[in-house]
Amino acid sequence: MAALIGAVLAATHHPAVPIPPDNPQTPAKIELGRKLFFDQRLSADLTISCASCHKPEFAFSDGGNAVSTGVGGRRGTRNTPTLTNVGFRQGLFWEGRSTRLELQAVGPLTARIEMDMQPEVLAQRLEAIPEYARAFREVFGEAPTLKTTTFALAAFQRTLLSYNSPFDRFQAGDDLAMSEAALRGMEVFFAESGDCFHCHVGSEFTDDVPRNNALYTVYQDLGLALATGLDEDVGKFKTPTLRNIELTAPYMHDGSIKTLREVVEHYNRGGEPNLNSDVLMRPLGLSEQQIDDLVEFLKSLTDRSFTTNPAFQPPR
Ligand code: HEC
Ligand code: HEC
């Protein structure tokens with residue numbers, strides 16, 4: 001079984017995840033990152049870990065919750081994104097405002113509505129746990145700090161790779177991997193009729209570019225404009241990957257769309273008129289059959305070997 005999956009992975013020829021020169025991957029660092037990712041002691045009141053919101057069984061999203069709950073029951077305003085193949089993302093967070101995983105992790109660790117940790121408290125708390133005191137010295141040659149914590153978390157997250165969906169197996173030559181409906185839906189997705197592939201590009205199903213997909217006429221969350229202050233960036237969010245999309249409902253930056261069918265219906269209508277709507281957003285005129293087929297195609301991007309991979313579960 002493992003050999004078969006290995007062969008399929010090899011056959012699909014995905015590029016290697018880019019590794020920053022200042023944070024090389026090592027098995028001990030990845031294992032430390034995994035421990036930290038699942039450890040509630042990284043939050044102020046010891047109740048929240050990264051995995052409280054990024055749950056493995058939902059492809060590291062928050063299973064059914066439109067927004068997530070952090071320390072003290074505080075709720076955020078954005079949907080928790082999947083971490084599927086996150087090592088490839090060139091922009092992190094919904095509008096892409098962070099550019100590397102090492103820096104991104106400072107956000108959730110210190111945000112009041114997420115883990116609410118002071119850097120000094122984090123360092124002291126980890127140093128007081130002999131297992132961590134030892135592991136940080138072994139991996140980084142120094143005591144735990146905010147920086148080394150984020151470096152270990154980044155190393156673990158770069159291992160979160162998912163390339164074993166029915167779509168991937170079909171690409172690798174297994175003609176029976178996808179249903180007839182999913183194959184028809186694939187044609188709609190990659191043709192001008194559906195036009196999905198212009199934004200959800202390539203094997204990652206994203207161009208990593210912030211765009212306005214006409215979700216609203218008036219946006220509560222300004223998206224990229226929050227970072228740039230520019231009118232033309234209102235309502236722009238990074239095109240999300242569609243890998244494991246079946247597992248990460250509800251959808252969009254605010255979790256406002258409940259099902260994949262409703263997402264496709266949104267695109268079919270051409271979305272809501274707004275000044276920044278992407279030129280690609282227009283009524284598509286898809287038939288009910290084409291809509292159903294497109295949903296089946298999206299479901300063929302689900303990789304169960306990713307959500308059940310023992311290397312991505314809490315360490316024992
Ligand atoms: C309380 C829930 C919550 C916790 C805890 C949490 N996250 Fe997140 N995470 C989110 C939300 C919500 C976003 C999107 C925020 C935004 O766009 O402003 C996010 C975004 C991310 C992203 C960006 C993904 C992308 O493709 O843009 C990464 C990476 C990430 N989190 C990793 C982590 C790590 C590592 C931890 C632990 C240190 C963590 N998260 C803890 C909810 C959470
Ligand atoms: C103009 C570029 C563009 C086109 C064309 C486009 N998308 Fe999107 N898609 C986006 C952006 C940007 C978002 C995120 C918007 C937000 O969160 O407000 C998104 C979100 C999604 C989501 C929800 C992802 C999640 O994690 O919540 C799905 C599913 C989706 N698109 C499927 C499709 C399908 C199917 C098509 C073709 C019918 C399509 N998209 C066409 C840019 C596009």
Side-chain angles (χ1 to χ4, degrees), residues 33 36-40 42-43 48-54 60-62 65 67-71 74-89 91-98 101 104-111 113-115 117 149-150 153-154 156-157 160 185 188-189 193-201 205-216 219 221 223 226 235-242 244-246 248-257 260 262-264 266-268 271 277-282 284 286 290-291 294-295 297-298 301:
L36 292 165
F37 190 89
F38 288 98
D39 196 335
Q40 300 178 349
L42 266 62
S43 65
I48 304 285
S49 71
C50 306
S52 303
C53 300
H54 299 281
F60 296 90
S61 72
D62 197 7
N65 294 317
V67 296
S68 299
T69 306
V71 157
R74 294 172 205 146
R75 290 162 74 78
T77 56
R78 289 184 172 179
N79 183 251
T80 300
T82 182
L83 300 182
T84 302
N85 299 349
V86 72
F88 286 101
R89 295 292 70 74
L92 299 161
F93 292 121
W94 276 96
E95 75 286 73
R97 68 182 187 273
S98 178
L101 285 170
Q104 187 282 333
V106 178
L109 282 169
T110 59
I113 56 166
E114 297 193 7
M115 299 162 92
M117 270 305 246
T149 300
T150 63
L153 284 166
F156 169 64
Q157 291 179 88
L160 299 176
V188 178
F189 188 95
S193 52
D195 233 356
C196 314
F197 74 107
H198 278 128
C199 300
H200 298 280
V201 176
F205 294 90
T206 170
D207 55 4
D208 277 317
V209 172
R211 292 174 180 268
N212 182 309
N213 75 341
L215 193 57
Y216 297 114
Y219 279 81
D221 182 332
L226 285 174
K236 286 190 184 163
F237 296 89
K238 171 191 69 176
T239 309
T241 181
L242 299 180
N244 295 312
I245 194 71
E246 180 186 9
T248 68
Y251 302 107
M252 306 300 168
H253 67 273
D254 54 0
S256 57
I257 303 190
L260 286 176
E262 289 167 275
V263 170
V264 175
H266 157 79
Y267 284 109
N268 200 32
S277 177
D278 197 283
V279 289
L280 292 164
M281 295 301 301
R282 56 178 166 83
L284 299 172
L286 300 177
Q290 283 176 310
I291 293 175
L294 202 40
V295 170
F297 170 67
L298 293 172
L301 302 176

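Along the sequence shown, residues carry numbers from 1. Order of listing sets the numbers, starting from 1, for every ligand and every atom in it.
Here the CG-CG distance, from Asn244 to Leu83, works out to 11.0 Å after rounding to the nearest 0.5 Å. Note: Glu246 CD to Leu260 CG = 7.5 Å, rounded to the nearest 0.5 Å.
For ligand 2, the polar-atom distance check finds an N/O of His253 within less than 3.5 Å of one of the ligand's N/O atoms. Inclusion of Thr248 in the set of residues having an N or O under 3.5 Å from an N or O of ligand 2 is not warranted. Where the criterion is an N or O separation shorter than 3.5 Å, residue side chain and backbone included, Ile245 fails it with respect to ligand 2. For the pair Tyr267 and ligand 2, the shortest N or O to N or O distance falls below 3.5 Å. Geometrically, ligand 1 and Thr82 share no nitrogen or oxygen pair separated by less than 3.5 Å. Close N/O approach between Thr69 and ligand 1 is not found [any backbone or side-chain N/O within under 3.5 Å]. Looking at Glu95 next to ligand 1, no N or O pair under 3.5 Å apart turns up. Considering backbone and side-chain atoms together, Phe93 places an N or O closer than 3.5 Å to an N or O of ligand 1.
Salt bridge Arg89/Asp208: present, at least one basic N to carboxylate O contact under 4.0 Å.
Near Gln157, meaning under 4.0 Å from one of its heavy atoms, ligand 1 places the atoms 29 (C), 32 (C), 35 (C). Interface of Ile48 with ligand 1, defined as ligand atoms under 4.0 Å from a residue heavy atom, comprises 5 (C). Ligand 2 places these atoms under 4.0 Å from at least one heavy atom of Val263: 28 (C), 29 (C), 30 (C). Of all the atoms in ligand 1, the ones that sit under 4.0 Å from a non-hydrogen atom of Gly70 are 1 (C). Which parts of ligand 2 touch Gly194 is read off a 4.0 Å heavy-atom cut-off, strictly below it: atoms 37 (C), 38 (C). Listed by number with element, the atoms of ligand 1 under 4.0 Å from a non-hydrogen atom of Ser49 are 5 (C). The atoms of ligand 2 that sit less than 4.0 Å from any heavy atom of Leu215 are 18 (O). Annotation for ligand 1: atoms under 4.0 Å from non-hydrogen atoms of Leu101 are 29 (C). Of all atoms in ligand 2, numbered sequentially from 1 with element shown, those under 4.0 Å from a heavy atom of Arg211 are 2 (C), 12 (C). When each atom of ligand 1 is checked for a heavy atom of Met115 under 4.0 Å away, the hits are 5 (C), 37 (C), 38 (C). Below 4.0 Å from some heavy atom of Asp278 lie the following atoms of ligand 2, by number and element: 1 (C). In summary, the atoms of ligand 1 found under 4.0 Å from a heavy atom of Ser68, numbered by their order in the structure, are 2 (C).
Residue His200 forms a side chain to side chain contact (heavy atoms under 4.5 Å, CB included) with just one option from Thr241, Leu298, Leu242, and that option is Leu242.
Considering every non-hydrogen atom in both Gly185 and Phe297, the closest pair reads C-CB, 3.7 Å. The nearest pair of heavy atoms linking Trp94 to Pro81 is NE1-CD, 4.0 Å. Heavy-atom minimum distance, Ala105 versus Leu153: CB-CD1, 4.3 Å. Nearest heavy atom pair, residue Lys236 against residue Asn212, reads CG-N, 3.9 Å. In this structure, Tyr216 and Ser256 approach most closely via the heavy-atom pair OH-OG, 3.1 Å.
The shortest contact between atom 22 (C) of ligand 2 and any protein heavy atom is with Met252 CE, 3.8 Å. The single protein non-hydrogen atom nearest to atom 25 (C) of ligand 1 is Lys238 NZ, 3.2 Å, given as residue, atom name and distance. Ranking protein heavy atoms by distance to atom 4 (C) of ligand 1, first place goes to Cys53 SG, 3.3 Å. The protein atom (non-hydrogen) at minimum distance from atom 37 (C) of ligand 2 is Cys196 SG, 1.9 Å. Nearest non-hydrogen protein atom to atom 34 (C) of ligand 1 is Cys50 SG, 3.5 Å. Scanning the protein heavy atoms around atom 17 (O) of ligand 1, the nearest turns out to be Trp94 N, 2.8 Å. Nearest protein heavy-atom neighbour of atom 12 (C) of ligand 2: Phe237 O, 3.2 Å. Scanning the protein heavy atoms around atom 3 (C) of ligand 2, the nearest turns out to be Cys199 SG, 2.7 Å. What sits closest to atom 41 (C) of ligand 1 on the protein, heavy atoms only, is Pro108 CB, 3.4 Å. The protein non-hydrogen atom at the shortest distance from atom 21 (C) of ligand 1 is Gln104 NE2, 3.2 Å. What sits closest to atom 24 (C) of ligand 1 on the protein, heavy atoms only, is Pro81 CG, 3.8 Å. The protein atom (non-hydrogen) at minimum distance from atom 14 (C) of ligand 2 is Pro240 CD, 3.6 Å.
The backbone N or O of His54 lies less than 3.5 Å from no partner atom in the side chain of Thr80, so there is not a single donor-acceptor pair. The main-chain N or O of Glu95 is never found under 3.5 Å from a side-chain atom of His253 such that the two would form a donor-acceptor pair. Judged by distance alone, the side chain of Asn268 and the main-chain N or O of Leu286 form a donor-acceptor pair under 3.5 Å. Checked by atom type and distance alone, the side chain of Thr82 never pairs as donor or acceptor with a backbone atom of Ser61 at under 3.5 Å. Proximity of a side-chain donor or acceptor of Tyr251 to a complementary backbone N or O of Ile245 within less than 3.5 Å is detected.
When the heavy-atom distances from atom 42 (C) of ligand 1 to Asp208, Asp39, Val86, Thr80 are ranked, the shortest goes to Thr80.
Using a cut-off of 2.8 Å, one finds that His54 contributes an N/O/S atom close to atom 8 (Fe) of ligand 1.
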| request: Begin with the C-alpha distance, continue with both residues' side-chain angles, and end with the deciding distance and a verdict on side-chain contact (heavy atoms from CB on, under 4.5 Å) for Ile113 and Thr77. | output: CA-CA 10 Å; Ile113 56 166; Thr77 56; over 6 Å; no
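Put simply, no part of Val71 is less than 4.0 Å from ligand 1, judged by heavy atoms. Phe197 does not count as a contact of ligand 2, since none of its heavy atoms falls under 4.0 Å from the ligand.
Here Asp195 has backbone heavy atoms under 4.0 Å from ligand 2, and that is the only part of it that gets that close. With a 4.0 Å heavy-atom cut-off, ligand 2 is reached by no atom of Lys236.
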